[in-house]
Amino acid sequence: MVDLLAARAEEHDRDATFPYQGIEAVHEAGLLTLTVSQRYGGAGGTLADTVRVLAQLGRGDASVAVVTAFTLLQHAEQARRASWPAAGYRRLLSESRRGPALVNTLRAEPGGAADALPGTVARRGADGWQLTGRKTYCTGAEALAWMAVTARTDEPEPRVGTFLVRGESEGLEIDPTWDQLGLRASASHDVVLDGVTVPVELALGLRAPDRAADGPDDADGVAAELARAWHDLALAAVAIGVARAAEAWLVRFLNQRTPANLTEPLGTLPRYRAALGEIDAQLIGAEELVHGLAARVDRGEPDAVARTGPAHLLATRAATTAVQQAVALTGNPGLSRRHPLERYLRDVLSSRVHLAPEESVLDTAGRAALARGARP
């Protein structure tokens, strides 16, 4: 699977085209529905299973891995909470048996603050809700079968909820805005909704805005924290996979590269071996952190969930540093478009789009540390 994805990754990166063939291969291998609950006839994949798979897919094509990650997160959320209506989820599973059925949650809006009401508005009509607005950073946009769109109602006292939208709905348009440094094949374009009809039964969790951020003792708040934990570790695993691919390319380079002033490859020199060892040590630490924490989350350890934000930050930092060091070791060849190392660097740098702002992660961790210190 890794080799198959890697064979087309450069082409899709260069042309910024969506990797349909790669997604089809992931589907045929049964990995796109890994986290479907056993009660729905699925494999019931755990978070530990998920991070192992995504780390491997990340070695082949980071864009395929990221698109896969968001679909796996949707199925995992349904396994925990069953928030989708039964008929709607049965339809999704039926589509998943026929071919890739990608799903993602669309929250971000151009210029929107994290704590602001969604700018996307749902108006009640005769046929259900009519959605109008624009969502941005919609990973996999052009290929999504379903979109879980957050919006507010136009009621005198607006409610906020999630509306399940079919990807081919009338009034829905993909605006090809995604032109990033890396993850270029992920098709994370804007989605424009102009009066898109959503049946009443596909409007989920409508509630007053002041209930959108319930405390940790609230069942919905706990579920939201668990969903965030899955997101943190899943996306961290992709970044680690990219860094492992960079390390593998570096190993081949060091074993084959013999400068004119040497008689043996660079890999025979202690300085290069030590530098490679530094890279490997960083990635071992990141892997142990992410995989170990995933297993703890699966076991239901409460403190594990609270640690996934810092773990995502540390793992992404380690992966980014590892690839940067690989580029520095190789010099000009590492920055050449003829080799994949420069793509790995762009992909791992762009993985930060899925990371919460560092200040927010560190502030939360600092507050938790202060709270622990204040206990008698």
Side-chain angles (χ1 to χ4, degrees), residues 30-57 65 68-84 86 89 93 103 105 107 148 162 204-205 207 211-241 284-316 354-356 360-375:
L31 300 178
L32 203 54
T33 52
L34 171 70
T35 54
V36 173
S37 171
Q38 292 180 351
R39 70 175 177 272
Y40 298 120
T46 64
L47 180 54
D49 297 327
T50 300
V51 298
R52 282 197 295 271
V53 167
L54 291 175
Q56 293 302 314
L57 295 182
T68 298
F70 285 111
T71 295
L72 292 179
L73 293 176
Q74 284 286 334
H75 286 302
E77 177 72 2
Q78 178 68 12
R80 293 190 300 271
R81 302 185 68 189
S83 56
W84 282 50
Y89 194 62
L93 293 181
V103 197
T105 298
R107 292 191 182 90
T162 300
L204 313 178
R207 64 182 63 189
R211 291 191 57 207
D214 290 322
D217 293 333
D218 182 89
D220 289 336
V222 172
E225 290 180 357
L226 189 55
R228 168 54 63 177
W230 273 68
H231 173 279
D232 289 337
L233 299 186
L235 276 299
V238 175
I240 292 171
I284 288 173
E287 287 169 341
E288 292 298 318
L289 174 62
V290 170
H291 292 278
L293 203 50
R296 292 184 59 200
V297 171
D298 286 336
R299 291 195 296 269
E301 299 181 21
D303 62 325
V305 171
R307 297 185 176 200
T308 60
H312 188 184
L313 173 60
L314 293 174
T316 301
H354 301 122
L355 178 66
S360 174
V361 174
L362 295 175
D363 181 70
T364 299
R367 288 173 182 270
L370 289 170
R372 289 195 303 271
R375 294 171 189 162

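- For R367, the salt bridge (charged side-chain N to carboxylate O under 4.0 Å, His left out) partners at least two apart in sequence or on another chain are D363.
- For H354, the ring-ring contact (aromatic ring centres under 6.0 Å, His included) partners at least two apart in sequence or on another chain are F70.
- Between A148 and Q74 the shortest heavy-atom distance is CB-NE2, 4.2 Å.
- By the 4.5 Å heavy-atom criterion applied to side chains, V297 and L226 are counted as neighbours.
- With values rounded to the nearest 0.5 angstrom, L72 atom CG is found 8.5 Å from W230 atom CH2.
- With sequence neighbours left out, R52 forms a salt bridge (charged side-chain N to carboxylate O under 4.0 Å, His left out) with D49.
- Among residues two or more places apart in sequence or in another chain, the side-chain contact (heavy atoms from CB on, under 4.5 Å) test is passed with L313 by R317, L355, E358, V361, L362.
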Tell me, with the steps shown, if L93 and V36 meet side chain to side chain contact (heavy atoms under 4.5 Å, CB included).
CA-CA 9 Å; L93 293 181; V36 173; 3.9 Å; yes
For residues 300-307, run the donor-acceptor check on the side chains, cut-off 3.5 Å, and write out each pair with its distance to 0.1 Å, sequence neighbours left out.
unit_1: E301; atom_1: OE1; unit_2: R296; atom_2: NE; d: 2.6
unit_1: E301; atom_1: OE1; unit_2: R296; atom_2: NH2; d: 3.1
unit_1: E301; atom_1: OE2; unit_2: R299; atom_2: NE; d: 3.1
unit_1: E301; atom_1: OE2; unit_2: R299; atom_2: NH2; d: 3.1
unit_1: D303; atom_1: OD1; unit_2: R296; atom_2: NH2; d: 3.0
unit_1: D303; atom_1: OD2; unit_2: R296; atom_2: NH2; d: 2.7

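- Evaluation of the ring pair (Phe, Tyr, Trp, His ring centres under 6.0 Å) test over residues 32-54, restricted to residues two or more places apart or in two chains, returns Y40-Y89.
- Between atom CG of residue L289 and atom NE2 of residue H312 there is a gap of 11.0 Å, rounded to the nearest 0.5 Å.
- Rounding to the nearest 0.5 Å gives a distance of 7.5 Å between CG of L73 and OG1 of T35.
- A donor-acceptor pair is defined here as one N or O able to donate and one able to accept, closer than 3.5 Å; no such pair exists between the side chain of Q56 and the backbone of G241.
- Rounding to the nearest 0.5 angstrom, the gap separating the NE2 atom in H75 from the CG atom in L32 is 6.5 Å.
- Side-chain atoms of E77 and S83 form no donor-acceptor pair, as typed in the model, at a separation below 3.5 Å.
- Remark: H231 engages R228 in a side-chain hydrogen bond (donor to acceptor under 3.5 Å, both in side chains) (not counting sequence neighbours).
- With sequence neighbours left out, E287 forms a salt bridge (charged side-chain N to carboxylate O under 4.0 Å, His left out) with R244.
- Distance check, rounded to the nearest 0.5 Å: CG of L57 to CG of L31 gives 6.0 Å.
- Scored by the side-chain hydrogen bond (donor to acceptor under 3.5 Å, both in side chains) test, T308 finds D232 as partners (sequence neighbours excluded).
- Scored by the side-chain contact (heavy atoms from CB on, under 4.5 Å) test, A315 finds A236, I240, A286, V290 as partners (sequence neighbours excluded).
- Between the side chain of T46 and the backbone N or O of D298 there is no donor-acceptor pair closer than 3.5 Å.
- Counting heavy atoms from C-beta on, the side chains of L54 and V51 never come closer than 4.5 Å.
- Residues L293 and L233 form a side-chain contact, since some pair of their non-hydrogen atoms from C-beta on lies under 4.5 Å apart.
- Shortest non-hydrogen contact noted between Q38 and A43 is NE2-O, 3.6 Å.
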